[in-house]
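Step one of this worksheet: look at the structure below.
On a predicted model such as this, the values are computed, not experimentally measured, just so you know.
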Amino acid sequence: MLAPTLRLLGALICQLGSLGLAIAQTPEPVSVSAANATALSETDFLTEMPLVLSVSRLPQRLDETPGAVTIIDRDMIRLSGARDVADLLRLVPGFQTSTSFETGAPLASYHGSFDAYSARMQVLVDGRSVYSPYLFGGTATGLQSVAMADIERIEVLRGSNSAAYGARAMLGVINIVTRHTVDTLGRQAAVTTGENGIRDAQASIGWGQDGATFRLGLDRRGDDGLSGSNGHNLINRVNLRADLRASARDEVGLRAGGLTIDSGEGYVGKPDNPPHDRSFGAGYAQLDWRRSLGADEDMALSLSHTQESLRNSFAYSLLSYKNQVAAYPDGGNAALIQFKNLVAGIDDSIDIDTSGRASSSTLSLQHTLRHSSALRVVLGGELRREEVVSRALYNTDAVLRTDYTRLFGNAEWRFADNALLNAGGMYENNNVRGDNFSPRLMVNWHVAQGQTLRFGVSKAYRSNSTFEQFADARYTSNGVLLKVTALASGAVQPESLLVREFGYLGDFPWLRAGLDVRVFHERIAGFVRGRKSVLPAGTTLLASAPWDYVNDEDFTIKGFEYQLKWRPWRDAQFIFNQTYTNINSIDTGTVLPAPEVASSLTYLQKLPGGVDLSLMHQDSGPVVLTGSSGSHLAMTRTDLRLALPVQFGATRGEVALVVQNLGSPYLDFDQLFRFQRRAFVTLRLEN
Amino acid sequence: MLARLRLLLLTFWLGCLTAPTVQAVTVVIVSSERSPAYAQAADTLVRELERTGWSRHDMLQLTAAELAGAGVLTPKLFVALGAQAANALALAPLTTPVLCALLPRSSFERVLRSSGRKASSQFSALYLDQPLSRQLGLIQLALPEARRIGVLWGPESKTQAPTLRALAQARGLSLLEADVGQGELLFPGLKAALEGADVLLALADPQVFNSSSIQNVLLTSFRAGVPLVAFSPAYVRAGALLALHVTPEQIGQQAALIAGGVLQGKTLSATPLYSQDFSVDVNEHVARSLGLRLDAAVLRTLLRQREAAP
């Protein structure tokens, strides 16, 4: 399944070498006689330059974004000692995370783990939406798309913003921006080894020159997972990025890569989910073209294709059931005899296989125009096709296709010297469920220097996953229908989220502190929930209560969260987060997907000799993660990191010791799974 | 205005073709080429001299290429606009004083070296680049919290290193320096200069800053959150935060002032001069994105006031 993508990747790598050379040799169209001459003259002062920081290149300031944004930069990623993005999101107010691979990869969710795959969040990697059409729209595998070393920063939008980030941007947006190839020229490598079978390795090479630069990176992340689980998790990744300046006005970006996630899941003693291995794979290619149309205008075109596959099967033993039925006295009852013969005819063990494949292709076009210094407008459209094929999940070999058409726009209007209005919306149509419109209105008011109030309202819809609409999962043996585990009636509609929020951003330079507060009221309508339905007696051999997906209750998530950053003395930083969440669902399974109170405190200190000290403490109240066993799990975890810079000639780097969870083990994902103390050492070098 | 002047000059040159080759003009302006910047400087120079009582007929405009065929010229002053014009005049056997303008200091010094001349009251200059002290002054005004200044030295700009180090030290600033040698890649140096820097000061050097490298310089520094202070308004349009520069008109004005003095019998300053006037450009979008509020006019006024203060 991945073979075509990997072949494409190989071909791309071969092509890029020559393309890079060709572009590097293309003369710049700007007339600059002195540009390449070695002698300085007045021409250097009088020549026009290509427009680099064009209108869409300039990000909004944090106090002018239409929503609460937490930025995790490269330094923070390094200092955290986190081995993947999900673990890093623990440090963002309002997030719940798990390190379990039980449902594919570590999960992260904002304001509630409402489903086992975290499908109510949007994850973008360099603008490409990486949710998994196969894994029910889940974002956990997408969070693993790139190596931590390749990430420049992660922008976490705490809230909802479909108008700017697409239809899935309901509860949180994770925007992962990878490092520009210009910043990663040369070689870089890291190895990590430690307790719990931790064996990570990463290497990347960057090459090129002005106008054409490249990076190829390979990495693996491996460990034994949570104690008590069937964990032996290994992620392998390859990622290629090329940045080409085709002319003074045009920039082209090419990205391609793939990953495999091999993990163990299942439980001893659970015949319907025994310990077994699963393997998820994904490959992608992405082309971006940005053209500057002037100082205040540019266009961006993006084309991407992603393929993914899942291999997951295990033997489901029916032997004890068969023996039980065989031993049952029939007393000459003809019907009973017929039933016993039927059961005797099925296999002792059947292969439960949820394997399948999916793909998504996206074409998007965006136009950004600065009408004046007070008004900036973004308009765009996107076509997206998702295809899913799985006999196991849909009882058909047919391709289940969903086509999306999206039109979006946003106006950023500085209507007063100290106030900004962001008004935007997205219209979406899909061929299965019709259309909807997600508007957003946000005002940022700078009440004083460094003091900003933000208030607004937004609406978002989540398109139903293919599984919610078409699920038909059944077990059969020798032509006998044994059980139906999921059967979608197809009546489900997109759920919606109406958010009202208030924010405050305060900068206190005299205290060397900053405060970010978000008060939220998030109303989910038609919450999509799995409901067990009943099949007519005799439909299946074994009792079946298949899952259907329905628009269930409306409920509200409300509360507030804040982050205080304080630099009390030289080279030190404290980050204190706290979130209070109240979810007024009537469904017992949805009452506690987020803790009522969660807090974290991070202390970062640069010590003499360049030594970095990080101490992170997190305390979260009880939570019930959907998709887990339903246990109430609380978490107290303290991490320590100490890093020492090293240098061998021109090669620089650091050695870091990380101890995760200094205290006693805590329960993660399941009553049986424990996160025990893990110490590991990383050596990172670059030149 | 320009059209009229050109018509006048054309008439004049046509006259020259038939008339004896000795021209009775007072000031000869020789431009490296005919592009707008040179024309703006020359036009301002002519206009300003006119304003102080000189006639347009006293002035002759040529390009460096036309100089050889212009015959015998005996003005009271030559004004060269640009390095090529300065070089052409330096190599000519002239007894008339020459003011070289619209060229950076290192270009003027190269002209001196190649012609064997020395800067004197016979051959002096009005520089296009800005004094380092003024550039540091602007950084301190615009970014008062900036302490560490990243600098990328190329083969040409490197000669200014000792001066900049001394000036920075005197102002309590530190430099993060990196060299980009001939034929070397920019990135390692850029990385080194940006690491820990509060601001990146671009000093003109074609090896380091050119239309090919500017993309990487600007993107890398912007990603690192380090604003770029550059030397021309084109860099500000491209995405630099600030530029300190002198416009061709301002050069024309000061050249007119110097020329007026020479015409009244004063001698040229033997020491080449930096422009008195200057401009500050701010990219307000970049400033806003970096959380800064900067006003170019206010910065210029304040910088002028500070320079005027004793």
Side-chain angles (χ1 to χ4, degrees), chain A residues 24 28 30-55 57-64 73-74 152-153 177 179-180 182-186 206 208-211 213 243 245 248 251 295-296 370 373 376 414 449-450 507 509 650 687, chain B residues 32 35-38 81-84 102-107 110 128-129 154-157 182 185-188 190-191 204-207 209-220 222-225 230-232 234-235 237-240 245-246 248 283-286 288-291 293:
Chain A
E28 286 286 331
V30 181
S31 155
V32 276
S33 52
N36 297 316
T38 46
L40 179 75
S41 78
E42 67 275 11
T43 322
D44 293 272
F45 294 79
L46 304 172
T47 303
E48 247 339 292
M49 286 287 140
L51 197 88
V52 180
L53 295 182
S54 58
V55 55
R57 261 258 155 79
L58 284 173
Q60 286 176 310
R61 272 161 43 183
L62 281 187
D63 59 357
E64 298 199 336
D73 62 14
R74 213 155 58 78
E152 177 66 33
R153 67 178 187 281
V177 180
R179 299 188 69 189
H180 198 282
V182 164
D183 294 334
T184 52
L185 293 167
Q209 50 192 304
D210 288 343
T213 42
D243 292 286
R245 180 165 270 285
E251 287 168 62
D296 298 313
R370 186 158 48 210
S373 60
R376 184 165 82 152
R414 199 172 297 280
Q449 176 79 22
D507 184 28
N687 68 4
Chain B
S32 290
S35 58
Y38 302 94
L81 296 176
Q84 201 189 333
L102 207 70
L103 84 174
R105 178 178 174 155
S106 69
S107 294
R110 186 178 306 108
L128 182 61
D129 44 353
E156 287 254 1
S157 55
Q182 189 80 43
L185 283 176
L186 177 71
F187 315 110
L190 182 60
K191 225 168 158 180
D205 187 307
Q207 172 79 26
F209 300 102
N210 56 56
S211 63
S212 304
S213 70
I214 189 60
Q215 148 116 341
N216 294 336
V217 171
L218 279 172
L219 287 180
T220 310
F222 190 76
R223 276 194 299 275
F231 48 83
S232 94
Y235 281 81
R237 285 189 286 276
H245 62 105
V246 55
N283 186 321
E284 64 165 304
H285 307 296
V286 172
R288 179 173 290 145
S289 181
L290 291 166
R293 275 182 175 227

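- Note on B:R288, B:R237, B:R293: by heavy-atom pairs under 4.5 Å with chain A, the leading option is B:R288.
- Highest contact tally toward chain A, considering only B:G82, B:A37, B:P36, B:A230, is held by B:G82 [criterion: heavy-atom pairs under 4.5 Å].
- We find the CZ-CZ distance between B:F209 and A:F45 to be 11.5 Å, quoted to the nearest 0.5 Å.
- Residue A:E64 qualifies as enclosed at atom CD: its count of foreign heavy atoms under 6.0 Å is above 12.
- Heavy atoms only, all atoms of each residue included: A:T47 and B:A234 are closest at O-CB, 3.2 Å.
- In this structure, NE2 in A:H180 is found 13.0 Å from CZ in B:F222, a value given to the nearest 0.5 Å.
- Only the side chain of A:T213 comes within contact range of chain B, judged by heavy atoms closer than 4.5 Å.
- In this structure, the side chain of B:Q215 does not engage the main chain of A:V52 through any donor-acceptor pair within 3.5 Å.
- Between chain A and the options B:T220, B:N216, B:L218, heavy-atom pairs under 4.5 Å are most frequent for B:N216.
- No salt bridge links A:D183 with B:K191; every basic N to acidic carboxylate O contact stays at or beyond 4.0 Å.
- With a 4.5 angstrom heavy-atom cutoff, A:R370 touches chain B only via side-chain atoms.
- Within the 4.5 Å cutoff, side-chain heavy atoms of B:I214 are placed close to those of A:P50.
- With contacts defined as side-chain heavy-atom distances shorter than 4.5 Å, the pair A:Q60/B:S289 does not qualify.
- To the nearest 0.5 angstrom, A:S41 atom OG is 8.0 Å from B:R110 atom CZ.
- B:N210 has its side chain out of reach of A:D44: every pair of non-hydrogen atoms, C-beta onward, lies at least 4.5 Å apart.
- Heavy atoms closer than 4.5 Å to chain A are found nowhere in B:S157, neither backbone nor side chain.
- Nearest approach of A:M49 to B:S211, heavy atoms of both residues: SD-CA, 3.7 Å.
- Here the CG atom belonging to A:L40 is positioned 12.5 Å from the CZ atom belonging to B:R105, to the nearest 0.5 angstrom.
- Side-chain contact check for A:R61 versus B:L290: every heavy-atom pair is 4.5 Å or farther apart.
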Please evaluate residues B:F187 and A:V182 with respect to the criterion side chain to side chain contact (heavy atoms under 4.5 Å, CB included), reporting the C-alpha separation (whole Å), side-chain torsions for both, the decisive distance (0.1 Å), and the verdict. CA-CA 7 Å; B:F187 315 110; A:V182 164; 3.5 Å; yes
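- Neither the backbone nor the side chain of B:H245 comes within less than 4.5 Å of any heavy atom in chain A.
- Note: A:E42 CD to B:S107 OG = 6.5 Å, rounded to the nearest 0.5 Å.
- At a 4.5 Å heavy-atom cutoff, the contact between B:F231 and chain A is made by backbone and side-chain atoms alike.
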